[in-house]
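Here's the structure, in structure tokens; my notes come after.
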Amino acid sequence: MKMKKIVTIAAIAATLVSCGGGGGRPTFGDNEFPVTTAGESNADMQSTYPASIKGVQDVEIRPKAQGFLTQINVKEGQTVSAGQVLFVIDNETYQAQVRQAQASVNAAQQQVNTAKLTYDNAQQLHAKKVIGDYELQTSQNTFESAQAQLAQAQAALASAKEALSYCYVKSPAAGVVGTLPFKKGALVSASNVLTTVSNISSMEAYFSVTEKEAMVISQKGLASLPSVKLQLADGSIYGSEGTISKMSGVIDAATGSVQLIASFANPEKILKSGATGTIIIPRVSSNVIIVPLSCVSEVQNKKFVYTLTKDNKVKYTEIQVDPHNDGNNYVVTGGLKAGDKYVTNGITKLNDGMEIVPITPERYQQKISEQAKAMSAGDIVGAMKK
């Protein structure tokens, strides 16, 4: 029981101290508020963008021939080489067509041989004036017709062999095999995706920026952009930094955004095609005014701070900030200039035009500590019992 009370007392004390930050403030019995002067400094900020991750080459494997799967030669996640046979489709019908086409070629070849003998003989007879021009021309036409029929039969054979080759589905590129949705014996056709082969030696993260940001990037060039980081779905940061290598030349009319691609090396195959993450682009801003998020209030997507006038009255002042922040501070782009004074804590207790007694933030924190020490453990326990 004693331990429970001690923990509760500590929690109340911590709550009392924490009210010095954010919008709340301790009650000092006077009108004192911490005030600081805006000054320019350098800010290490970062911009984050949701991203989808893909291999540098993701190839959908579809069969050109229709038939039943008779062989599945790979497993999910297996690394394959270009030209490797992944699937075999029932090809008895296609083999019969090849044999039939081959027989037609053989027959056409025999006709060519016979027609050639006839034509050669006709030439000799014509030279001896045994036959006339008509007979010679007729035998020549027969020979050329036989040659044409042979060429047609050979084309049909080539087509039949090509159709047969479609029964052996090969990988067009080296990579890693994806899911295998079809099992042996399934009827498949060109409308079916048998699997996907992804080249994941290098990965690409696709993300989008606003049209305004894209204009700035276009003016500076992709080469001027810093290296970027990739935050994975579990919150961890990928070990290798990437570079922004491509930018779309088309603005999405629906969203007003432009797509960029960041490339990351993937030697250990940690990144998988189809995964998601967050692109982190570091930014260094020089000679800017930085204010804590805790001293800024937001109304209807507008941001305000309480600035201090010369007669120690606060003024509800709208400011403009960089849309990207680090979670602790804003970079002010307008509405506040160097030398202006603003209230850093207790803004929920203020009203526009209210007169205050300005103190330094250090003095403010000191008063918080003094007030916390003034409350004895017995007082806290007594308050709990009430």
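What you find for P358 and V35 is that their closest heavy atoms are CB-CG2, 3.7 Å. Between A65 and Y94, the shortest heavy-atom distance links the atoms CB-OH, 3.8 Å. Taking every heavy atom of both residues into account, G346 and F33 meet most closely at O-CE2, 3.3 Å. Closest approach of N192 to P63, counting heavy atoms only: O-CD, 3.3 Å. Between N266 and I200, the shortest heavy-atom distance links the atoms ND2-O, 2.9 Å. The two residues F264 and A205 have their closest heavy-atom pair at CE1-CB, 4.0 Å.
Considering T36, L308, T309, T307 as possible partners of K341, the one that fulfils the side-chain contact (heavy atoms from CB on, under 4.5 Å) test is L308. Among L187, T70, V188, the one residue that satisfies the side-chain contact (heavy atoms from CB on, under 4.5 Å) test with I89 is V188.
In this structure, the separation between CE on M215 and OG1 on T210 is 10.0 Å, given to the nearest 0.5 Å. The line from OG of S202 to CG of L271 is 9.5 Å long, rounded to the nearest 0.5 Å. The structure places CE of M354 at 10.0 Å from NZ of K349, a figure rounded to the nearest 0.5 Å. In this structure, CG on L260 lies 9.5 Å from CD on E213, to the nearest 0.5 angstrom. Considering CD of Q66 and SG of C167, their distance stands at 11.0 Å, rounded to 0.5 Å. Distance check: S145 OG to L150 CG gives 11.5 Å after rounding to the nearest 0.5 Å.
Following chains of ILVMFWY side-chain contacts shorter than 4.5 Å, one cannot reach V176 starting from L86, and the two form parts of different hydrophobic clusters. I347 and V291 fall into different hydrophobic clusters, where Ile, Leu, Val, Met, Phe, Trp and Tyr side chains are chained together by heavy-atom contacts under 4.5 Å. Hydrophobic clustering of Ile, Leu, Val, Met, Phe, Trp and Tyr side chains at less than 4.5 Å, counting indirect connections, unites V314 with V299. Cluster membership for V85 and V177, using ILVMFWY side-chain heavy atoms within less than 4.5 angstrom, is not shared. A chain of hydrophobic side-chain contacts below 4.5 Å, direct or via other Ile, Leu, Val, Met, Phe, Trp or Tyr residues, connects V296 to V332.
Without hydrogens or angle criteria, T278 side chain to P50 main chain gives no donor-acceptor distance under 3.5 Å. Between the T195 side chain and the T179 main chain, a donor and an acceptor come within less than 3.5 Å of each other. Here the side chain of S159 pairs no donor or acceptor atom with the backbone of A155 at under 3.5 angstrom. Within the 3.5 Å criterion, the main-chain N or O of E362 finds no donor-acceptor partner in the side chain of Q365. Side chain of K75 to main chain of I72: no donor-acceptor pair is present (N/O by atom type, distance under 3.5 Å, no hydrogens or angles). R62 places no side-chain N or O within donor-acceptor distance of the main-chain N or O of L194, the cut-off being under 3.5 Å. Under a 3.5 Å cut-off, the side chain of S139 and the backbone N or O of L136 do form a donor-acceptor pair. A donor-acceptor pair under 3.5 Å is absent between the side-chain atoms of N121 and the main chain of T118, judged by distance alone. Within the 3.5 Å criterion, the main-chain N or O of L180 finds a donor-acceptor partner in the side chain of E76. Of the possible polar contacts, none joining the Q110 side chain to the A107 backbone as a donor-acceptor pair under 3.5 Å is found.
Between I281 and T48 there is no side-chain heavy-atom pair separated by less than 4.5 Å. In this structure the side chain of I61 reaches within 4.5 angstrom of the side chain of V169, judged on heavy atoms. Between T243 and L225 the shortest side-chain heavy-atom distance does not fall below 4.5 Å. F304 places none of its side-chain heavy atoms less than 4.5 Å from the side chain of T317. Within the 4.5 Å cutoff, the side chain of F87 has no heavy atoms near those of the N73 side chain. Contact annotation: the side chain of Q95 approaches that of L164 to within less than 4.5 Å [non-hydrogen atoms, C-beta and beyond]. With a 4.5 Å cut-off on side-chain heavy atoms, Q57 and V59 count as touching. Side-chain contact between V331 and V321 is absent, with no heavy-atom pair separated by less than 4.5 Å.
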Test side-chain contact (heavy atoms from CB on, under 4.5 Å) applied to I356 and V343, step by step: CA-CA 10 Å; I356 66 170; V343 179; 4.1 Å; yes
Check against side-chain hydrogen bond (donor to acceptor under 3.5 Å, both in side chains), Q137 and N141: CA-CA 6 Å; Q137 187 63 49; N141 292 344; 3.0 Å; yes
Residues D58, S273; criterion side-chain hydrogen bond (donor to acceptor under 3.5 Å, both in side chains); working and verdict: CA-CA 8 Å; D58 288 345; S273 186; 2.7 Å; yes
Salt bridge (charged side-chain N to carboxylate O under 4.0 Å, His left out) assessment of E370 paired with R363: CA-CA 10 Å; E370 291 174 353; R363 176 58 182 159; 3.6 Å; yes
Evaluation steps, side-chain contact (heavy atoms from CB on, under 4.5 Å), between L230 and I279: CA-CA 5 Å; L230 177 63; I279 290 292; 4.0 Å; yes
Residue pair I290, S41: steps toward the side-chain contact (heavy atoms from CB on, under 4.5 Å) verdict: CA-CA 7 Å; I290 302 173; S41 61; 3.5 Å; yes
Residues M247, S218; criterion side-chain contact (heavy atoms from CB on, under 4.5 Å); working and verdict: CA-CA 9 Å; M247 181 172 69; S218 296; 3.0 Å; yes
Check against ring-ring contact (aromatic ring centres under 6.0 Å, His included), Y342 and Y306: CA-CA 6 Å; Y342 63 93; Y306 281 99; over 10 Å; no
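Taking the ring centre of Y206 as origin, the terminal cationic atom of K54 falls inside the region bounded by 6.0 Å and 45° from the ring axis.
Around NZ of K184, the count of heavy atoms belonging to other residues, nucleotides or ligands within 6.0 Å does not exceed 12. Crowding of E298 atom CD: a count of heavy atoms from other residues, nucleotides or ligands under 6.0 Å exceeding 12. Counting non-hydrogen atoms of neighbouring residues, nucleotides and ligands closer than 6.0 angstrom, the CG atom of D311 exceeds 12 such neighbours.
Between K246 and E204 there is a salt bridge, since a side-chain N of the basic residue sits under 4.0 Å from a carboxylate O of the acidic one. With respect to E318 and K303, no salt bridge is recorded, no charged nitrogen being found less than 4.0 Å from a carboxylate O. Here K116 does not pair with E144 in a salt bridge; the nearest charged N to carboxylate O distance is not below 4.0 Å.
Remark: the Y168 side chain and the N91 side chain contain an N/O donor-acceptor pair separated by less than 3.5 Å. Side-chain contact, N113 with Q109: a donor N or O sits under 3.5 Å from an acceptor N or O.
The aromatic rings of F207 and Y49 sit tilted relative to each other, their planes meeting at an angle between 30° and 60°.
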